[in-house]
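All values below were derived from every heavy atom in this structure, side-chain atoms included, with hydrogens, water molecules and symmetry-related copies excluded. What you see is a predicted model, and the numbers here were worked out from it, not measured in a lab.
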Amino acid sequence: MTKTAERQPTAAAVPSVPAPPAAEGRRRHRLIDQARAYAFLLGGLLCFALFSWYPAIRAVVIAFQKYTPGSPPQWVGTANFTRVLHDPEFSAAWRNTFYFTLLALLIGFAVPFLLALVLNELRHAKAFFRVVVYLPVMIPPVVSALLWKWFYDPGAGLANEALRFAHLPTSNWSNGTDTALVSLVIVATWANMGGTVLIYLAALQSIPGELYEAAELDGAGLLQRIRHVTIPQTRFVILMLMLLQIIATMQVFTEPFVITGGGPESATVTVLYLIYKYAFLYNDFGGACALSVMLLLLLGVFSAVYLRLTRNEGDTA
């Protein structure tokens, strides 16, 4: 072996090359940015866990307990569910909730779609009418309900005054057992349709104009264009909004609480309003949580369907 070969350093003896200062600084800044982002995310997760996850888990636990503020809880198993199921208002609350949801789909689901079609065809003052349609959403729900309560007043309410002016028979509106729930559906539709109309309008404006031109060349009229072009092109948005509306309307509370108080004769008692009565009128938090768990399970089914459909649409896209 030559002396030249003996002087060559081995691989283990080669000193490591330090990283350039610029690269080390970029790595440090990237780590700082990531730590800052996770810190902001951690704050949001803690708030969400404190005000959403913990109450939900706590409600499930209380549903199996006899819980009275100021005294230790006692485990009672399914006794709360049994007592709630035998409550005469239980069936009425679920019947009213399902009926409200059905009416909301028939009235509150069709009206926003028709309004979106009209706004989409306008050539002038589009921005003005969009603001007018969306304006009810900006009114606080309680204020909106109080306005409609005055509007529905059977004596000097604006609704009956308008009917008298037109020489038409008046109505009991929210004070009648046959008309109270329909009156509340009208209130909920008016108060919440603004956002739905804008979503439909965005979906309509994303439809390629060539499809309408081809339909017109084939001799399709307005109704045929809506049936064969508009509805098929917006079917996913329609289905998603329908599921979201079912989830929202089954949690209706403000309108029956403010306008009718659950009356007349329990005609507008909904599941969420019955939960309120158990908790704050009967001081029965176990029964209220048992009802909440039942509603949670039902809404969980619709939520799972919604997530499944949105995931499938995302995979398709």
Side-chain angles (χ1 to χ4, degrees), residues 87-115 132-163 168-197 241-281 288 291-292 294-295 298-299 302:
D87 187 347
E89 282 192 313
F90 176 83
S91 58
W94 282 101
R95 183 175 62 251
N96 293 336
T97 300
F98 283 121
Y99 187 39
F100 186 95
T101 303
L102 178 62
L103 290 175
L105 289 177
L106 295 177
I107 300 174
F109 191 70
V111 171
F113 187 72
L114 294 176
L115 281 176
V132 171
V133 170
Y134 193 75
L135 187 61
V137 180
M138 296 184 285
I139 301 176
V142 175
V143 175
S144 175
L146 289 173
L147 289 174
W148 279 92
K149 185 177 182 180
W150 168 79
F151 185 82
Y152 283 145
D153 187 276
L158 186 59
N160 280 341
E161 288 294 332
L163 292 175
L168 296 174
T170 59
S171 173
N172 286 327
W173 298 106
S174 60
N175 292 333
T177 55
D178 297 331
T179 58
L181 208 60
V182 179
S183 301
L184 298 186
V185 171
I186 295 174
V187 176
T189 301
W190 176 84
N192 301 305
M193 69 179 179
T196 306
V197 170
L241 289 178
M242 182 181 68
L243 288 173
L244 290 176
Q245 184 167 346
I246 291 174
I247 295 172
T249 52
M250 292 198 70
Q251 301 177 74
V252 59
F253 173 76
T254 304
E255 289 81 7
F257 177 74
V258 176
I259 299 176
T260 62
E265 299 177 8
S266 300
T268 57
V269 172
T270 60
V271 175
L272 213 61
Y273 187 76
L274 187 59
I275 293 173
Y276 162 80
K277 292 178 68 175
Y278 266 94
F280 301 105
L281 298 182
L291 266 173
S292 301
M294 296 180 189
L295 183 61
L298 180 61
L299 295 181
F302 291 106

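Applying the side chain to side chain donor-acceptor pair (under 3.5 Å) rule to Q251 yields no partners; only residues at least two apart in sequence or on another chain are considered. Applying the ring pair (Phe, Tyr, Trp, His ring centres under 6.0 Å) criterion to F302, with sequence neighbours excluded, gives no partner residue. Partners of F113 according to the ring pair (Phe, Tyr, Trp, His ring centres under 6.0 Å) rule, which considers only residues two or more places apart in sequence or in another chain, are Y200. Checked against side chain to side chain contact (heavy atoms under 4.5 Å, CB included), V132 has the following partners two or more places apart in sequence or in another chain: F128. Partners of N160 according to the side chain to side chain donor-acceptor pair (under 3.5 Å) rule, which considers only residues two or more places apart in sequence or in another chain, are W173. Under the rule for a ring pair (Phe, Tyr, Trp, His ring centres under 6.0 Å), the partners of F98 that lie at least two apart in sequence or sit in another chain are W94. A search for side chain to side chain contact (heavy atoms under 4.5 Å, CB included) contacts involving V137 returns Y134, not counting sequence neighbours. Listed by chain and number, the residues in a side chain to side chain contact (heavy atoms under 4.5 Å, CB included) with L135 are M138 (sequence neighbours excluded).
Note that OG of S174 and CG of L181 are 11.5 Å apart. Values are rounded to the nearest 0.5 Å. Taking CG of L114 as the reference point, atom CE of M193 lies at 11.0 Å (rounded to 0.5 Å). For the atom pair CZ of R95 and OG1 of T270, the computed distance is 13.0 Å after rounding to the nearest 0.5 Å. Between the CG atom of L244 and the OG1 atom of T249 there is a distance of 10.5 Å, given to the nearest 0.5 Å.
With no hydrogens or angles considered, no side-chain donor-acceptor pair links Y273 and N96 at under 3.5 Å.
Annotation: side chain of V271 is not in contact with side chain of L274 (no heavy-atom distance under 4.5 Å). Side-chain contact between L291 and L295 is absent, with no heavy-atom pair separated by less than 4.5 Å.
Other residues, nucleotides and ligands contribute only 12 or fewer heavy atoms inside 6.0 Å of the OH atom of Y99.
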Table please: side-chain donor-acceptor pairs of residues 252-266 below 3.5 Å, with sequence neighbours left out.
from : atom 1 : to   : atom 2 : distance (Å)
T260 : OG1    : P256 : O      : 3.2
T260 : OG1    : G262 : N      : 3.4
T260 : OG1    : T268 : OG1    : 2.7
S266 : OG     : E89  : OE2    : 3.2

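Applying the salt bridge (charged side-chain N to carboxylate O under 4.0 Å, His left out) test to pairs two or more places apart or on separate chains, none has a residue in residues 181-193. A side-chain hydrogen bond (donor to acceptor under 3.5 Å, both in side chains) check over residues 182-192, counting only residues at least two apart or in different chains, returns nothing. Within the structure, no pair that satisfies the side-chain hydrogen bond (donor to acceptor under 3.5 Å, both in side chains) test touches residues 140-158, not counting sequence neighbours.
Closest heavy-atom contact between L163 and S171: CD1-N, 4.2 Å.
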